[in-house]
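As the structure lists them, so they are numbered: ligands from 1, and atoms in each ligand from 1.
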Amino acid sequence: MVFGRLSILVALAVSQLATAASIERRTVTCPTGQTTANEACCVLFPVIDLLQEELFDGGECGEEAHAALRLAFHDAIGFSKNGGKGGGADGSILAFHQTETTYAANNGIEDIITAQLPIFQKTNLTAGDFVHLAAAIGTGNCPGSPQLAYSFGRPPPVAAAPDGTVPEPTDSVTDILARFSEAGFVTAEVIWLLASHSIAAASKIDTSAPRTPFDSTPALFDTQFYLETLLNGTLLPGDGQQHTGEVLSPIAGEMRLQSDFAFAQDPRTACLWQEPINDQAFIQGKFFAAMKKLQVLGQTGLTDCSDVIPVPASLPGPITFPAGFSEADVISACTATPLPSLATIAGPKPTVPPVSVHHFPSS
Ligand code: HEM
Ligand SMILES: *[C@@H]1O[C@H](CO)[C@@H](O)[C@H](O)[C@H]1NC(C)=O
Ligand SMILES: *[C@@H]1O[C@H](CO)[C@@H](O)[C@H](O)[C@H]1NC(C)=O
């Protein structure tokens, strides 16, 4: 009797373990041949192929990839946890682009909207699912990027986000932190999200120099950006004019946003700014987690389809001072954490070339 019961219990426990293991290992093979844990995610594979072929030039970390990430941010940040703003990561920036592109902070974003719209219309995705998929795929094309999460199933957006939700480079650190806080982000997360500016350029700050990068390696998701914003700025931009929202950078061909400079030097954020430098695993983890929040702001009940996102390539090596620069050029407002020791590239000081154009109409 007793043995009989025990053996039933043991058998039950063993079968439960087996079930748990088979759930963990469960994969579905989609009609396209790829596998995912959830059948509902299968429809994404053809869209990913379409994005890589028609938007990202076969999988590049170029201007379209950069702009797709910026678009996802400008879409999602139209949200307040107190209500009364937009629907967050809902794709309103694409669906209601005629309204949202009139906002000053969205200057330049119409190019990526124009490039995404015809591709979006070939899919059955909602605008939110599409905008945030494009960002996860485009960012992942940049070596060094984490494999971003992706959630699926956003309803169509109901309205444009109101104006005034997207921070501008002339805003103070206090104001930018307050805006992010209202959307649900703490100070450290703001600094980690700014790793995005390592794969970024500006076209509308100095319109005489479109696609001017924020670091010397805009095709790599690295921490070069955090380092280069600390270098003592002495150079005026190419046209000899300082532009609104821009401060001096010492690297020719490079743009430094006033807000990035302010974060790098502000006592509230200077140590957070320095912490990721040359710690790729650290910034990958922090950016992944902060983006995971951003990608679903204002959304509920989504399906996790993260396993459809390809694994990005790794960085070629550690970061370095650009040629002609060293620790002597660093202006650091953080005394708590020392800078890691970094090599300097050999040769004369560089002139960083603009990010090349592919599909975008020249504007
Ligand atoms: C903290 C406040 C932020 C400010 C004030 C800011 C401001 C800007 C500005 C002025 C540009 C250049 C636009 C142009 O002239 O073409 C830019 C580019 C960009 N931003 Fe930000 N940004 C902020 C945060 C973020 C965040 C949180 C993300 C993403 C998570 C992001 C992603 C990007 C990307 C990827 C670009 C490059 C776009 C391209 O190269 O086409 N930014 N940002
Ligand atoms: C979109 O949905 C329609 C109707 O269900 C289907 O016939 C079509 O193949 C779908 N298109 C894509 C790109 O998935
Ligand atoms: C930055 O460079 C300028 C010009 O070379 C120099 O006058 C200034 O002292 C430097 N600032 C710091 C904090 O090193």
| Less than 4.0 Å between a side-chain N and a carboxylate O, is that true for Arg154 and Asp129? | yes
| Salt bridge between Arg256 and Glu228, side-chain N to carboxylate O under 4.0 Å? | no
| query | Heavy atoms under 4.0 Å from ligand 3: which residues qualify? | reply | Asn232, Thr234, Ile331
Record the part of [X] in heavy-atom contact with ligand 1 below 4.0 Å; permitted values are side chain, backbone, both and neither.
X	result
Ile77	neither
Leu194	side chain
Ile112	neither
Pro169	both
Glu168	backbone

| query | Does Ala201 reach ligand 1 with a nitrogen or oxygen that is under 3.5 Å from one of the ligand's nitrogen or oxygen atoms? | reply | yes
| Taking N or O atoms only and a 3.5 Å limit, does Lys204 qualify as a polar contact for ligand 1? | yes
| Does the Cys305 SG fall under 2.5 Å from that of Cys41? | yes
| Looking only at side chains, do Arg211 and Ser356 share a donor and an acceptor under 3.5 Å apart? | no
| request: Determine which pairs satisfy ring-ring contact (aromatic ring centres under 6.0 Å, His included) with at least one residue from residues 206-228, sequence neighbours left out, and list them in order. | output: His197-Phe214, His197-Phe225, Phe221-Phe287, Phe225-Trp273, Tyr226-Trp273
| Would you call Gly108 a ligand 1 contact, heavy-atom distance under 4.0 Å? | no
| request: Considering the heavy atoms of Leu193, write down every atom of ligand 1 situated less than 4.0 Å from one of them. | output: 27 (C), 30 (C)
| note | Contacts of Glu182 meeting salt bridge (charged side-chain N to carboxylate O under 4.0 Å, His left out) (sequence neighbours excluded), chain-then-number -> Lys85, Arg179
| task | Name all residues meeting the ring-ring contact (aromatic ring centres under 6.0 Å, His included) criterion together with Phe79; count only those two or more places apart in sequence or in a different chain, and write none if there are none. | result | none
